[in-house]
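Please read all numbers here as calculations on a predicted model, not as lab measurements.
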Amino acid sequence: MNAVLVAVLLSLVSAVAYAAAAVAQERLASRSSGTGTLRLLADGAWWGAVGLNASAALLHVVALRYGPLTVVQPLGALTLVAAVPMGARIAGRPVSGAEWRGTAFTLAGLAVVLASASGPAPDDALSVPEALVVAGGTASLIGLLSWPGSRPGLRHATASGAASGVASALTQTVTVAATDRSGPLLDVRVVVVALLVAVFAAGGLLLSQTAYRGGLGAPLAVVTLTNPLAAAVIGLVLLGERLRGGPAGVLAALAGAALASWGVVLLSRAAPRPAAPAAPAAPVSAAVPAAPERMSGTEGRSPAGVTPGLRVLVPAAPGPPSPGLAGAAPDSAA
């Protein structure tokens with residue numbers, strides 16, 4: 001089977017797993033807003049989302065061994081394509097027309113990108129200095145985006161996408177270097193870059209959890225767009241990856257990326273924001289049924305401390321219980 005086709009198939013399954021993890025994270029974040037990291041670590045739902053992310057990441061790692069970054073990373077947009085209907089199903093609502101249009105635009109754009117970016121299996125890897133420079137620049141960018149300010153959800157989503165994209169690029173370096181039989185399996189480059197992958201992957205996961213507190217649609221769209229952009233820049237600038245077709249291929253890839261981006265934007269706009277929690281209902285005072293023939297002459301006036309509009313029973317002269325109070329104990333004699 002063609003190596004690029006294997007990478008595409010693995011990326012599809014990985015995108016579905018990432019989508020399921022994103023939906024689980026959004027639901028967890030919406031019900032535990034403000035919860036600290038330590039509390040999340042004690043939540044079984046959090047570990048379920050981590051397991052889905054880990055499975056998706058493993059499939060993604062294998063896909064990166066068979067396909068270049070310019071092929072594998074754009075397929076991450078399918079995460080949003082899968083997450084929107086998943087979220088709709090869990091919420092018990094149908095998929096809207098805008099969501100179907102966004103899906104169509106995204107798939108069409110990805111098809112154009114794949115036609116332009118298809119290339120051989122990767123055989124180049126970052127050196128240790130290059131990996132450290134990329135890691136340092138990305139860490140600085142994440143620090144700036146995480147600084148307190150406006151729109152924290154979108155800024156954390158951008159930081160998460162950058163961290164995940166860099167982690168993918170570094171992962172490809174690990175897989176290529178580890179499977180290169182010209183040197184030892186665990187040389188210095190493999191160990192150092194693997195540690196950087198762990199740091200950026202964990203950082204991207206925690207940043208996305210924070211971003212999803214404001215809803216799934218817009219933050220997931222930003223993550224989906226930032227991730228392949230960061231990885232593609234590394235692949236094209238540092239790893240020697242190329243687009244097919246020369247200048248025409250570059251234009252086609254840009255057009256496809258723009259079309260897919262518009263589809264992602266439509267999907268993010270169509271995804272409903274989480275509903276605000278309903279205010280607790282005010283307690284309702286039950287009116288006590290009154291027997292007309294046993295009412296005193298105070299009818300029409302509200303005793304002190306009693307809500308106007310409620311009819312109040314006042315003990316009257318001794319006598320047999322009225323039909324409206326059947327079963328009540330008879331009044332004692334004065």
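Just one of V176, L239, V193 meets the side-chain contact (heavy atoms from CB on, under 4.5 Å) condition when paired with L126; it is L239.
Criterion: ILVMFWY side-chain heavy atoms under 4.5 Å apart, direct or through other members. Under it, V190 and V61 are not part of a common hydrophobic cluster. One hydrophobic cluster holds both V72 and V237 under the rule that ILVMFWY side chains link at heavy-atom gaps under 4.5 Å. One hydrophobic cluster holds both L205 and W47 under the rule that ILVMFWY side chains link at heavy-atom gaps under 4.5 Å. Following chains of ILVMFWY side-chain contacts shorter than 4.5 Å, one cannot reach V192 starting from V199, and the two form parts of different hydrophobic clusters. One hydrophobic cluster, built from ILVMFWY side chains closer than 4.5 Å, cannot hold both M86 and V223; they sit in different ones.
Between G102 and L266, the shortest heavy-atom distance links the atoms CA-CB, 3.8 Å. The minimum heavy-atom distance linking A260 with T106 is given by the pair O-OG1, 3.7 Å. Across all their heavy atoms, L170 and A131 have their closest contact at CD2-CB, 4.0 Å. Across all their heavy atoms, L69 and P74 have their closest contact at O-CD, 3.5 Å. Minimum interatomic distance between A257 and V113 (heavy atoms only, all atoms of both residues): N-CG2, 3.5 Å. Here the closest heavy-atom approach between residue L259 and residue A108 is recorded as CD2-CB, 3.8 Å.
In this structure, T173 contributes its side chain and A125 its backbone to no donor-acceptor pair below 3.5 Å. Not a single donor-acceptor pair under 3.5 Å links the side chain of S164 to the backbone N or O of G161. Remark: side-chain polar atoms of R155 are not paired, donor with acceptor, to backbone N or O of L144 under 3.5 angstrom.
The structure places CG of L58 at 12.5 Å from CG of N53, a figure rounded to the nearest 0.5 Å. With rounding to the nearest 0.5 Å, the separation of CG in L206 from NE2 in H156 is 10.5 Å. For the atom pair CG (L59) and OG (S11), the distance works out to 9.0 Å, reported to the nearest 0.5 Å. Considering CD of Q172 and CD1 of I234, their distance stands at 10.0 Å, rounded to 0.5 Å.
In this structure T79 satisfies the side-chain contact (heavy atoms from CB on, under 4.5 Å) test together with A15, Y18, A19, L220, sequence neighbours excluded. The side-chain contact (heavy atoms from CB on, under 4.5 Å) search around L254 returns V250, not counting sequence neighbours.
Residue pairs meeting the side-chain hydrogen bond (donor to acceptor under 3.5 Å, both in side chains) criterion with at least one member in residues 127-146, sequence neighbours excluded, are S127-E130.
Using a 4.5 Å heavy-atom threshold, the side chains of L238 and V233 count as separate. In this structure, L132 and L196 have side chains that are in contact, with non-hydrogen atoms separated by less than 4.5 Å.
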Show your working on side-chain contact (heavy atoms from CB on, under 4.5 Å) between F105 and V265 and close with a plain yes or no. CA-CA 10 Å; F105 280 121; V265 170; over 6 Å; no

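Looking at Q73 and H60, their side chains do bring a donor and an acceptor atom within 3.5 Å of each other.
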